[in-house]
Amino acid sequence: MSTPPSSTAAAPRPSIIQLAIKEKAALYAAYIPLFAEGGIFIPTSKDYKLGDDVFVLLSLPEDTQRYPVQGKVAWVTPGRAAGNRTQGVGIRFPAEEKSRLLKLKIEEILGAHLGSGRPTQTI
């Protein structure tokens, strides 16, 4: 006779990623304005699945503060992707006030670059 699985098993802890973006061009390439809450592309060779929880400590250009974000993997760019795209994951920021303020901060840093047609690492 088998015992039913315990419902008290702890959920896996989210991955922790530190991402320091030092230049506006790199921030432009990584920022995901498509998500209503904002998001960021993180180059990584680690395997993630859609919906995985990820905790990101994000540093922005010309800003000494680190922004903690509890996000979710919203897309995955696999290794050897078409068009020489960088392997990594797109993290969607959660729908909360801290994320809204972070999105505004990123868009303030990028300013006029947001309307640029330059290619990015994102969708």
Side-chain angles (χ1 to χ4, degrees):
M1 203 158 121
S2 66
T3 343
S6 169
S7 60
T8 59
R13 290 175 45 142
S15 289
I16 298 174
I17 300 173
Q18 293 190 47
L19 180 63
I21 299 177
K22 298 186 184 331
E23 300 167 356
K24 276 187 192 180
L27 181 59
Y28 172 81
Y31 179 57
I32 309 170
L34 239 77
F35 298 144
E37 309 83 11
I40 200 86
F41 177 81
I42 300 175
T44 181
S45 58
K46 186 172 179 200
D47 286 330
Y48 287 96
K49 294 178 186 59
L50 292 177
D52 282 354
D53 288 320
V54 180
F55 185 80
V56 182
L57 280 172
L58 179 63
S59 301
L60 300 174
E62 299 169 23
D63 188 346
T64 56
Q65 184 173 344
R66 291 193 329 172
Y67 298 89
V69 179
Q70 177 72 44
K72 287 204 178 286
V73 173
W75 98 77
V76 176
T77 302
R80 296 181 299 284
N84 265 347
R85 300 200 60 88
T86 302
Q87 181 178 1
V89 291
I91 305 298
R92 181 175 38 85
F93 297 162
E96 62 185 29
E97 184 64 10
K98 284 190 320 187
S99 295
R100 189 183 72 77
L101 295 173
L102 178 56
K103 179 180 179 176
L104 290 173
K105 175 74 177 169
I106 291 171
E107 291 179 354
E108 177 185 311
I109 291 169
L110 291 176
H113 292 290
L114 278 176
S116 167
R118 292 190 331 228
T120 69
Q121 295 175 326
T122 66
I123 319 173

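All values below come from the heavy atoms of this structure, side chains included, with hydrogens, waters and symmetry mates left out.
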About how many Å separate [atom2] of [Y] and [atom1] of [X], when rounded to the nearest 0.5 Å?
X: Lys24; Y: Glu62; atom1: NZ; atom2: CD; result: 6.0 Å
X: Leu102; Y: Glu107; atom1: CG; atom2: CD; result: 10.0 Å
X: Phe55; Y: Ile17; atom1: CZ; atom2: CD1; result: 11.0 Å
X: Ile106; Y: Ile40; atom1: CD1; atom2: CD1; result: 5.0 Å
X: Lys103; Y: Ile32; atom1: NZ; atom2: CD1; result: 11.0 Å
X: Leu110; Y: Leu27; atom1: CG; atom2: CG; result: 4.0 Å

Report task. Check whether Leu101 and Ile91 end up in the same hydrophobic cluster, where Ile, Leu, Val, Met, Phe, Trp and Tyr are linked by side-chain heavy atoms less than 4.5 Å apart. Result ->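 Per the 4.5 Å side-chain linkage, Leu101 and Ile91 are not co-clustered.
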Query raised in the report: Does Tyr67 belong to the same Ile/Leu/Val/Met/Phe/Trp/Tyr cluster as Leu104, with side-chain heavy atoms less than 4.5 Å apart forming each link?
Result: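 Each belongs to a different hydrophobic cluster.
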Report task. Using the side-chain contact (heavy atoms from CB on, under 4.5 Å) rule, take Lys49 and Val73 through it: C-alpha gap first, then chi angles, then the decisive distance, then the call. Result -> CA-CA 7 Å; Lys49 294 178 186 59; Val73 173; over 6 Å; no
Query raised in the report: Out of Ile16, Leu58, Val56, Leu57, which residue meets the side chain to side chain contact (heavy atoms under 4.5 Å, CB included) rule with Pro68?
Result: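 Single side chain to side chain contact (heavy atoms under 4.5 Å, CB included) partner of Pro68 among Ile16, Leu58, Val56, Leu57: Leu57.
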Requested in this report: Find out whether Ser59 and Arg66 are in side-chain contact, i.e. whether some heavy atom of one side chain is under 4.5 Å from a heavy atom of the other.
Outcome: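 They are in contact (side-chain heavy atoms under 4.5 Å apart), so the answer is yes.
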**Report entry** Within 6.0 Å of CD in Glu23, more than 12 heavy atoms from elsewhere
**Finding:**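 Atom CD in Glu23 is not crowded, with 12 or fewer foreign heavy atoms closer than 6.0 Å.
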Query raised in the report: Got more than 12 heavy atoms from elsewhere within 6.0 Å of CD, Gln65?
Result: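 Result for CD/Gln65: enclosed.
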Report task. Show the numbers, then the answer: is there a side-chain contact (heavy atoms from CB on, under 4.5 Å) between Ile21 and Tyr31? Result -> CA-CA 10 Å; Ile21 299 177; Tyr31 179 57; over 6 Å; no
Query raised in the report: Do the charged groups of Asp52 and Lys72 touch, with an N to O distance under 4.0 Å?
Result: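 No.
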Report task. For Leu19 and Phe41, work out which heavy atoms get closest and say how close. Result ->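 Closest approach of Leu19 to Phe41, heavy atoms only: CD2-O, 4.0 Å.
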